[in-house]
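First the proteins, then the strands, lettered A, B, ... as listed; each starts at 1.
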Amino acid sequence: MVKKDASRWIMILPATIIIAMALFYPVISTVVISFQDRSLFMPHLSRFVGINNYKNILSSQEFWSALKVTIYFTVISVFAEFVIGLFTAILLNQNFKMKTFLRALVILPWAIPTVANGVLWQWIFDANYGALNGLLYQLGIIKDYVNWLGSPFLALNMVIIADVWKNCWFFTIVLLGALQTIPKSYFEAAEVDGAGFWSRLFKVTLPLLRPAIAVSLVLRTSEAFKVFDIIYIMTKGGPANGTQVLSYYVYHKSFEAMKLGEGAAISTIIAVVILAAAIFYTKILMREEVEINA
Amino acid sequence: MRKFLIVVLTFVVILSFAKVTIRVISSDDFAAFRREAIKEFEKLYPDIKVELISVGYNQLYQKIVTTLAVDPGAFDVIDVDCIWTPEFVEMGLLEQIDDRLTEDMKKNILPSVMRILQYKGKTYGLPMFDDVLFFYYNEDLLKKAGILRPPATWDEFVVFSQILQEKGLVKYGSIWGWAQAEGLICYYTMLLSSFGGRFFDENGEPVFNQGGGLKALQWMVDAIYKYKVVDPASINSDDRAMLHALANGDVAFGFNWSFAWTIFNDPEQSTQVGKIKVALVPSGKPGIVSNTSSGSMGLAITRGSKHKDAAWKFIAFLANRKQQKKQSIKYGAMPIWEDLYHDEEILKYHPEFEAMLKQLYYVTDRPSLVRYTEFSRILQIYIQKALTRQMTPKEALDAAVKEVKKLLGK
C-alpha cells in the first residue's frame with residue numbers, strides 16, 4: 001500500500017514542480033513584493049512596509065482614473081465583442097455556400113498579432129492620412145478631418161473599436177463550436193411550435209450555449225481587464241492619460257518610476273478584481289443544469 | 001600530463017585570438033551612420049566585434065533600465081540622453097571615464113556638450129553630437145505665399161501661418177510633436193525659454209506656472225484653438241511622427257532635431273528635397289533673440305561591462321574627428337569638436353551648417369534632476385490636460401507645480 005502511495009506522488013511530482021514554478025512562484029512573489037518598498041535597482045535594499053503601497057495607490061487619483069478607464073474599456077469591448085460574436089456565430093451556423101471559407105476567414109483578424117493590429121488601426125485613425133477620415137469625408141459624413149486619437153474620451157472609444165474588430169471573432173469561434181453540438185431537432189421543434197427568431201434565440205440557443213458563453217466571457221473579461229499592448233502601441237496612455245488602463249499604470253510604476261512594490265500592489269488589485277469577476281460569471285452562468293423551458 | 005598541457009595551451013591560444021563582442025544599444029536616429037561606422041571600426045580592430053541594437057528613442061530608456069536591472073553586463077555601451085545622466089549615475093549604471101580622456105578631448109570638445117555626461121565633477125561618457133531643436137521651414141512654400149523671410153517672433157509665426165493657410169498652400173502652418181512623451185517637454189522648454197520663462201528659481205522652487213512658462217502653454221493652446229495655425233494632430237504625434245507632414249510639404253514649419261535634416265533630403269522619404277531650410281527659433285519676448293531646447297546624446301560604458309577597454313575604443317572611434325565630420329556632412333549632425341565648426345569641407349557640403357551653428361548660441365537645457373523621468377511625466381500629463389482643454393493652462397501648470405513640489409520633497 002505504502003509503496004503504491006509513494007509512486008502516486010512521484011508521478012504527479014514533475015507536473016507539480018512545473019506548475020509551482022510557472023504559476024505559484026510569480027503570484028506569491030508579486031504579493032510579497034507588494035508589501036515591500038522594492039525598487040527596480042538595488043532590490044536587496046527593500047524593506048517590509050506593510051500596507052503602505054496599497055495606501056499610496058488607493059489614495060492616488062491616477063489609480064482611480066485608470067480603474068475607471070479599465071472598467072469602461074472592459075465592459076464596452078467585451079459586450080460589443082459578445083454581441084457581434086454571437087450573431088456572426090449564428091449566421092455561420094446556417095447552411096449556405098462558402099460556409100467553410102467564411103468560417104476560416106473569421107479567424108484571420110483574431111490571428112493577427114495585437115501589435116500589428118494596433119499599428120494598422122493607428123494609421124486608419126490617423127488625423128491627416130487615415131483611411132477613416134478619407135472614407136467619411138468622401139461620403140460627406142464629416143465636413144472636416146477628425147483627430148480620432150486626439151481627445152481623451154474619443155481616443156478610448158477608438159481603441160475599443162480596434163480591440164473589438166480583432167477580438168469579437170474569438171466569441172464567434174467558441175460559440176460556433178458550441179452551436180454545432182446543439183441538435184438541429186431542437187430548433188425544428190421550436191419552429192413547429194411557432195417560435196420566432198428571437199424567442200428561439202432566448203429560449204433555446206442562449207440557455208444551451210450557457211457553458212460556452214461563461215467560459216468565453218471569463219476569458220475575454222480577464223484579458224480585457226489586463227489590456228496593455230494595444231494601448232501601448234496606439235496611444236501610450238495619452239492624450240492626457242485618457243487611455244491609461246491599469247496594466248499601463250503598473251508598467252509605468254514598475255519600469256518608469258521603478259517602484260516595483262507599488263507596481264506589484266496594483267497587479268495584486270487587478271488579480272483580485274479578475275478573480276471576483278470570474279467567480280461572479282461562473283455563479284450566474286453555470287449554477288444550474290441546463291434545461292430548456294420551451 | 002603532456003596531453004593535459006596541450007589541451008590547456010590550445011585553450012590559451014584560442015582564447016587569445018578569440019574575438020571580443022561588445023553590445024551597444026542606441027537610439028535609431030543616427031542608426032545608418034553608426035552601422036557604417038561599425039564596419040570601419042571592425043576593420044580597424046579585427047579582434048572586436050560590435051553588436052548594435054538600435055531602438056526608437058521612446059523605447060530606449062525602458063530598454064536600458066529594465067535590461068541592466070536584470071543583467072548589469074548585458075550592454076557594454078549605452079546611449080545616454082542628457083537628461084538621464086544624474087539618474088543613471090545615482091543608480092550606479094555608468095563607468096567613470098576621466099582617466100581615459102585624452103588631453104585633446106579635454107581641451108577641444110565643446111564644454112557645453114561635454115557637460116551632458118558629467119555629474120558632480122566626474123565624466124561618464126562622450127557626447128556624440130551637439131543637438132538642439134532646430135526651426136525648419138519650407139522656403140518654397142513661403143516664396144509661393146510671397147513671404148520673403150522666415151518668422152522671427154511667435155506673432156509673425158502665427159501671421160505667416162495664417163497667410164499660407166488663406167492662400168490654400170497648406171492646411172495648417174505647422175505640426176508639432178506634443179504627444180505624451182519626452183519630446184513634448186523639449187518643445188515646452190523651447191517655448192518657455194523663448195518667452196523668457198524658467199523651470200526653477202534660485203532656491204530650486206518650481207516657477208514654470210508663471211511668466212514665460214505660463215505664456216508658453218497659453219500660446220500652445222491658442223495656436224491650436226484660437227489662431228488655428230497648428231495641426232490638432234500635434235496632440236497625438238510625437239517628434240518622430242510629425243516629420244512626415246513637413247517632408248511631404250503638407251505644413252510649412254516644424255521644429256526638430258538635426259537627424260531630421262537627412263529625412264527631409266532623402267528622396268525616398270521626402271517630396272521636399274532641397275526646399276527645407278533652417279532659421280533661428282522665433283522669439284516670444286523683446287530682448288530675446290531666440291531660444292531652443294538642447295537634446296544632445298552620448299555614449300557611455302556600463303559599470304557591469306566585461307569589455308570596458310574595447311567599449312572605450314569604440315566610443316572614442318565614433319567621437320574622432322574623421323567620423324564626426326562624416327556624421328555632419330552625410331547625416332546633418334553638429335560635431336562635438338570646436339575646431340570642426342570652422343572646417344571648410346563641412347561648410348562646403350552641409351548647406352545649413354551655418355544656420356544651425358547660429359542656433360547653438362541660444363540654447364536652454366531641460367532641468368537636471370535625479371528624478372527627472374517622474375518630473376517629466378507629471379509635466380507631460382498636465383500640459384496634455386491643457387492641450388485637450390480639460391484644464392486651463394493656469395490650472396494645469398498650478399497642479400503640475402504642486403505635484404513637482406511633492407516629488408522633490410518641498
Side-chain angles (χ1 to χ4, degrees), chain A residues 38-45 56 59-62 65-66 115 119 122-123 125-130 133 137 144-156 158-159 231-244 248-249 251-260 262-263, chain B residues 58-59 61-70 72 87-88 90-93 171-172 175 178-182 184 224 228 231-238 241-242 244-245 248 250-251 371-378 380-391 396 399 403 406-407:
Chain A
R38 189 186 294 220
S39 84
L40 192 60
F41 283 86
M42 297 176 265
H44 53 278
L45 293 180
N56 287 345
S59 65
S60 90
Q61 210 194 326
E62 216 178 334
S65 127
V115 173
V119 175
Q122 200 182 21
W123 276 110
F125 294 150
D126 189 280
N128 290 314
Y129 311 110
N133 270 335
Y137 186 77
D144 221 336
Y145 279 11
V146 178
N147 187 13
W148 299 106
L149 299 174
S151 61
F153 187 61
L154 183 62
L156 179 58
M158 298 326 271
V159 175
I231 303 277
Y232 181 78
I233 295 297
M234 287 184 71
T235 62
K236 293 240 164 26
N241 270 358
T243 58
Q244 174 165 274
Y248 201 89
Y249 190 42
Y251 167 80
H252 161 69
K253 276 284 175 208
S254 313
F255 303 123
E256 288 182 329
M258 292 187 248
K259 291 176 178 156
L260 273 193
E262 289 189 11
Chain B
N58 284 331
Q59 279 82 52
Y61 176 85
Q62 267 77 39
K63 192 104 182 170
I64 291 175
V65 166
T66 48
T67 311
L68 293 183
V70 181
E87 191 179 10
F88 281 6
E90 292 288 339
M91 286 194 286
L93 297 184
K171 206 168 147 208
Y172 291 103
I175 183 168
W178 290 343
Q180 198 169 318
E182 185 54 34
L184 173 59
I224 297 179
K228 297 187 175 20
D231 189 340
S234 303
I235 298 171
N236 48 311
S237 311
D238 63 20
M242 52 83 58
H244 303 292
N248 228 353
D250 291 339
V251 296
R371 306 187 71 177
Y372 179 83
T373 344
E374 284 169 90
F375 162 81
S376 166
R377 187 161 184 278
I378 292 171
Q380 287 170 30
I381 290 168
Y382 282 105
I383 291 177
Q384 281 245 309
K385 289 206 171 173
L387 291 178
T388 52
R389 290 197 288 188
Q390 291 170 290
M391 286 176 146
E403 283 201 35
K406 208 167 94 190
L407 175 80

> Is chain A contacted by the side chain of B/Gln390, its backbone, both, or neither, given a heavy-atom distance below 4.5 Å?
Replying inline: side chain
>> Can you tell me which portion of B/Ile175 sits under 4.5 Å from chain A's heavy atoms? Options are side chain, backbone, both or neither.
In response: side chain
> With a 4.5 angstrom heavy-atom cut-off, which part of B/Ala241 approaches chain A: side chain, backbone, both or neither?
Replying inline: neither
>> Just by distance, no angles: are the side chains of B/Asp250 and A/Asn128 close enough, under 3.5 Å, to form a donor-acceptor pair?
In response: no
> Checking A/Lys253 against chain B: side chain, backbone, both or neither under 4.5 Å from a heavy atom?
Replying inline: neither
>> Please identify, among B/Asn58, B/Ile383, B/Thr373, B/Leu93, the residue contributing the most non-hydrogen atom pairs under 4.5 Å to chain A.
In response: B/Leu93
>> What I'd like to find out is whether the side chain of B/Asn236 reaches to under 4.5 Å of the side chain of A/Thr235, using heavy atoms alone.
In response: no
> Which answer fits B/Leu387, side chain, backbone, both or neither, if we ask what part of it has an atom under 4.5 Å from a heavy atom of chain A?
Replying inline: neither
>> At a 4.5 Å cut-off on heavy atoms, which part of A/Phe153 comes close to chain B: side chain, backbone, both, or neither?
In response: neither
> How long is the span from the CG atom in B/Asp231 to the OH atom in A/Tyr145, to the nearest 0.5 Å?
Replying inline: 11.5 Å
>> Between B/Asn248 and chain A, with a heavy-atom cut-off of 4.5 Å, which part of the residue counts as in contact: side chain, backbone, both or neither?
In response: side chain
>> Tell me which one of B/Glu374, B/Gln62, B/Arg377 satisfies side chain to side chain donor-acceptor pair (under 3.5 Å) with A/His252.
In response: B/Arg377
> Is the backbone N or O of A/Ala240 less than 3.5 Å from a side-chain atom of B/Gln180, with the two atoms forming a donor-acceptor pair by type?
Replying inline: yes
> Do you know which two heavy atoms are closest between A/Phe255 and B/Tyr61, and how far apart they sit?
Replying inline: O-CE2, 4.4 Å
> Got a sec: does the NZ of B/Lys63 have more than 12 other heavy atoms crowding it under 6.0 Å?
Replying inline: no
> In Å, rounded to the nearest 0.5 Å, how long is the span from OG of B/Ser237 to CG of A/Asp126?
Replying inline: 7.0 Å
> What part of B/Ala69 is in contact with chain A, defined as an atom under 4.5 angstrom from a non-hydrogen atom: side chain, backbone, both or neither?
Replying inline: both
> Quick one: what part of B/Glu403 sits under 4.5 Å from any heavy atom of chain A, side chain, backbone, both or neither?
Replying inline: neither
> So which of A/Ala127, A/Ser39, A/Pro152, A/Ala155 has the biggest tally of heavy-atom pairs under 4.5 Å with chain B?
Replying inline: A/Pro152
>> Checking A/Asn241 against B/Gln384: is there a side-chain donor and acceptor pair closer than 3.5 Å?
In response: no
> Which atom pair, heavy atoms only, marks the closest approach of A/Pro239 to B/Ile235?
Replying inline: CB-CG2, 4.0 Å
> So which part of B/Tyr172 gets closer than 4.5 Å to some heavy atom of chain A, the side chain, the backbone, both or neither?
Replying inline: neither
